[in-house]
Amino acid sequence: MKTLQQIGAELAGYDPQALRADSVNAFLSNLVTAVTEVQQVDVFQALGRVLAADIISPISVPPHDNSAMDGYAFDGKQLLYSANLTLKVVGTALAGKAWSGTVAAGECIKIMTGAVMPQGLDTVVPQELTTRSALPGSSTEIICIPAGLLQPGDNRRKLGEDLMQGLPALQKGELLVPAALGLVASLGLNTVAVFRTLKVAYFSTGNEILSLGEPLREGAVYDSNRYTVFGLLTRLGCEVIDLGVVPDEPAALEAAFQQAAVQADAIITSGGVSVGEADYTKTMMKQLGDVAFWRIAMRPGRPMAVGRIKKSKSASKASQSSVDSYHKDSYHDAGSAILFGLPGNPVAVMVTFLAFVRPALLQMMGCSASTTPMLKAKSQEAIRKKFGRTEYQRGIVCQLQDGTLHVKTTGNQGSGVLSSMVRANGLIVLDHDQGDVAVGDEVSVMMFDGVI
Ligand code: AMP
Ligand code: MG
């Protein structure tokens with residue numbers, strides 16, 4: 001396990017006091033490790049979990065060639081480019097009830113969507129493209145297929161065209177989205193191997209922070225960070241351990257950090273990490289672990305602490321009994337927990353979470369793809385931007401009649417203006433090396449949809 005100093009030494013130009021925002025992900029990626037414990041869970045329980053082993057298809061899907069349409073199946077070799085084709089209907093194949101007879105040249109069978117294609121037949125004409133009549137003096141149906149409409153092989157779904165027996169269907173590290181659950185089920189599998197859920201403890205610090213239910217007093221604000229962090233972690237599929245608002249007292253902070261380190265893989269705090277802080281949060285972080293205090297060239301969210309909080313022997317014993325009764329089968333036993341000490345400002349908490357913490361947590365969850373795709377939109381307004389820092393502005397992306405994407409900011413970009421995060425549907429990410437944005441310039445946007 002590398003120390004923070006070693007990780008920093010490997011990064012070109014690492015300066016904790018003037019850190020480029022675009023170098024934070026690489027640092028954190030070297031700091032964290034993925035969980036290794038694997039659980040076998042029911043498919044219904046697997047949504048949002050991370051696959052712990054490749055799934056090799058035990059069967060092919062579909063398991064046989066079948067019809068993609070309600071219509072008539074026949075041998076496509078009989079299709080002529082310039083002449084209609086007339087066929088006699090000699091039977092019916094239903095979904096789940098195959099036709100077992102033979103079909104000679106000049107014949108076809110009526111077939112329903114999903115029904116097995118009989119031997120020797122490779123083409124289906126949709127019912128609505130045919131004209132039907134009866135053989136004179138009999139009840140036998142005749143169909144006529146107009147020339148030039150079909151190619152041999154049309155409207156037939158081939159065996160294994162979705163998943164082929166023996167080939168990988170899903171890969172280790174994939175996040176199981178609704179489509180993946182369906183895919184697993186299509187293979188007839190009841191359960192899947194997933195990594196255990198990541199446990200994340202969080203608390204808010206600061207003497208001015210009030211818990212809900214406390215009367216408002218002068219100079220104090222209600223704690224909003226615990227609620228946004230709770231929401232972000234829950235959306236990510238983490239097991240959350242809420243440790244409340246912790247007063248600015250060494251004993252209370254030490255107890256909170258140690259309980260968090262015993263119970264969780266990662267700890268998220270908010271507040272108390274800026275330069276001028278008079279409180280004990282930073283002191284306690286330094287005392288209990290290997291922690292770096294950063295000033296990131298970004299806005300909002302300049303100060304941030306990262307590192308590892310050691311799980312002390314006495315703390316583990318002391319909280320072991322409560323852990324046992326509270327989270328018996330989720331007891332965490334690594335030597336330390338990863339610390340993300342976020343700034344206190346409510347928007348800065350969300351921005352640093354989305355930009356840095358979320359990708360790191362996804363890596364800890366065992367997920368192989370952790371970057372959110374960015375989209376490009378034209379700015380509807382001029383945006384002032386300072387060179388030499390990354391700026392994350394709250395943006396509202398909309399699509400104009402001509403299909404182009406445009407974005408405007410939510411107005412006041414203060415790092416305490418949480419309503420800007422509610423009104424926005426994405427973050428406009430303005431690069432470290434870029435300057436002012438003019439009306440009509442393209443900007444990158446990290447969309448919230450599917451993320452928060
Ligand atoms: P700090 O990073 O501790 O200097 O806090 C920066 C600003 O964020 C201050 O105005 C704090 O009052 C505010 N703040 C800190 N923690 C919270 C919280 N949990 N909820 C709402 N505001 C907070
Ligand atoms: Mg503070």
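In listed order, ligands and their atoms are each counted from 1. If you read the sequence from its start, that first residue is 1, and numbering goes on from there.
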State the atoms of ligand 1, each with its element, that fall below the 4.0 Å cut-off from a heavy-atom position in [X].
| X | answer |
| --- | --- |
| S204 | 19 (N) |
| G271 | 2 (O), 3 (O) |
| Y222 | 20 (N), 21 (C) |

Taking NZ, NE, NH1 and NH2 as the nitrogens, is one of them in [X] or [Y] under 4.0 Å from a carboxylate oxygen of the other?
| X | Y | result |
| --- | --- | --- |
| R226 | D242 | yes |
| D265 | R196 | yes |
| R20 | D433 | yes |
| R389 | E391 | yes |

Give the residue and atom name of whichever protein heavy atom lies nearest to [atom], and the separation in Å to one decimal.
| atom | result |
| --- | --- |
| atom 7 (C) of ligand 1 | N345 OD1, 3.2 Å |
| atom 22 (N) of ligand 1 | P346 CG, 3.8 Å |
| atom 19 (N) of ligand 1 | D223 OD1, 2.7 Å |
| atom 18 (C) of ligand 1 | N225 ND2, 3.1 Å |
| atom 9 (C) of ligand 1 | E208 OE2, 4.0 Å |
| atom 4 (O) of ligand 1 | E277 OE2, 2.4 Å |
| atom 20 (N) of ligand 1 | S224 N, 3.0 Å |

Quiz item: To which of G219, G272, G341, G416 does the heavy atom nearest atom 3 (O) of ligand 1 belong?
Solution: G272
Practice problem: Could you pull out, from G206, G301, G344, S415, the option with a heavy atom nearest to atom 2 (O) of ligand 1? | Solution: G344
Self-check item: Partner set under ring pair (Phe, Tyr, Trp, His ring centres under 6.0 Å) for Y280, not counting sequence neighbours
Solution: none
Practice problem: Step by step, work out the ring-ring contact (aromatic ring centres under 6.0 Å, His included) result for F356 and F340. | Solution: CA-CA 9 Å; F356 312 134; F340 301 99; 9.8 Å; no
Quiz item: Think K310 forms a cation-pi with F257, using NZ or CZ under 6.0 Å from the six-ring centre and within 45 degrees of its axis?
Solution: no
Quiz item: Can you tell which of T269, L31, I268, L288 makes a side-chain contact (heavy atoms from CB on, under 4.5 Å) with L339?
Solution: T269
Quiz item: Mind checking whether V273 has an N or O less than 3.5 Å away from an N or O of ligand 1?
Solution: no
Self-check item: R226 N/O to ligand 1 N/O under 3.5 Å
Solution: no
Quiz item: With sequence neighbours excluded, what pairs up with D449 under the side-chain hydrogen bond (donor to acceptor under 3.5 Å, both in side chains) test?
Solution: none
Quiz item: Taking heavy atoms and a distance under 4.0 Å, where does I209 meet ligand 1: side chain, backbone, both or neither?
Solution: side chain
Quiz item: S274: heavy atom below 4.0 Å from ligand 1, yes or no?
Solution: yes
Exercise. List the steps and the verdict of ring-ring contact (aromatic ring centres under 6.0 Å, His included) for Y14 and F27.
Key: CA-CA 9 Å; Y14 173 69; F27 187 105; 5.2 Å; yes
